[in-house]
**Q** 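Following this message is one structure expressed as structure tokens.
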Amino acid sequence: MSDAPISRLRIVQGDITKLATTAIVNAANSSLLGGGGVDGAIHRAGGPQILAECQQIRARQGGCKVGQAVITSGGRLPAAHVIHTVGPHWNGGHKGEPDKLASCYRSSWQLALENQLESVAFPGISTGIYGYPKAEAAAVAVREVRQWLAAHEWPREVVLVAFDEESKQLYEQHVP
Ligand code: AR6
């Protein structure tokens with residue numbers, strides 16, 4: 001590990017579909033067939049190639065479980081790849097949600113490691129339709145980034161993407 005982990009973490013505000021990182025992460029559902037929120041935005045911007053690859057993955061392994069991740073190409077997106085992970089529904093916080101959310105980040109980085117992806121950008125997994133409180137999700141995300149980067153060379157850079165100003169501030173609270 002040559003780099004100080006924190007220098008490999010960037011927080012940006014905006015639309016993740018516009019980012020030219022090597023991969024962007026999709027907050028998908030277990031069907032991998034698309035949906036609303038960032039999932040809908042990624043499939044709209046990336047075009048039909050992404051869904052076609054998701055369907056091949058479904059045919060092979062029957063979708064994706066909560067906390068796991070799969071990888072496709074990025075279709076027409078500026079990002080070369082999309083890592084699809086399935087976050088937990090928020091059910092009050094005592095149904096293993098923090099562990100499941102942490103597993104989403106780790107599974108995504110594992111794919112980045114295996115595929116030697118330079119940079120990976122994450123939306124706030126589970127913090128929209130799935131109802132995970134943004135402050136608690138931000139704490140999990142930053143903790144997991146630190147732990148992963150301290151122990152692994154790949155990905156070189158992690159970008160946490162805040163869709164709104166509030167989310168950006170929540171991330172920044174954890175990153176001095
Ligand atoms: N760029 C960056 N962040 C975004 C964007 C965007 N273009 N659009 C939304 N967000 P959500 P979930 C933020 O609901 O909670 C889908 O139907 C948004 O503000 O997309 O994991 C799937 O198919 C929020 O902070 O994902 C699943 O069924 C975060 O992305 C379900 O929603 C995640 O919100 C997954 O729900």
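Whatever order the structure lists ligands and atoms in, that order sets their numbers, starting from 1.
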**Q** For ligand 1, which atoms sit closer than 4.0 Å to a heavy atom of Gly35?
**A**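 Those qualifying, in numeric order: 17 (O), 23 (O).
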**Q** Are any of the N/O atoms in Thr17 less than 3.5 Å from those in ligand 1?
**A** no
**Q** Does NZ or CZ of Arg146 fall inside the cone over Trp148's six-membered ring, less than 6.0 Å from its centre and within 45° of the axis?
**A**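 No.
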**Q** For the pair Arg44 and Asp39, find out whether any cationic side-chain nitrogen is under 4.0 Å from an anionic carboxylate oxygen.
**A** no
**Q** Give the numbers and elements of all ligand 1 atoms closer than 4.0 Å to a heavy atom of Asp15.
**A**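 Here the atoms of ligand 1 in question are 1 (N), 6 (C), 7 (N).
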**Q** Do Gly37 and ligand 1 have an N or O pair less than 3.5 Å apart?
**A**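 So ligand 1 has no N or O lying under 3.5 Å from an N or O of Gly37.
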**Q** Could you tell me which atoms of ligand 1, counted from 1 in the order shown, lie closer than 4.0 angstrom to a heavy atom of Ala27?
**A** 21 (O), 22 (C), 26 (O), 35 (C)
**Q** Relative to the heavy atoms of Gly36, which atoms of ligand 1 are at a distance of less than 4.0 Å?
**A**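 Ligand 1 atoms under the 4.0 Å threshold to Gly36: 16 (C), 17 (O).
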**Q** Asp39 heavy atoms, cut-off 4.0 Å: which ligand 1 atoms fall inside?
**A** 22 (C), 23 (O)
**Q** Short N/O distance, under 3.5 Å, between Gly128 and ligand 1?
**A**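 There is such a contact, yes.
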**Q** Report yes if Gly131 has an N/O atom closer than 3.5 Å to an N/O atom of ligand 1; otherwise report no.
**A**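 N/O-N/O distance below 3.5 Å does not exist for this pair.
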**Q** Output yes when the distance from some N or O of ligand 1 to some N or O of Ala41 is under 3.5 Å, and no in every other case.
**A** no
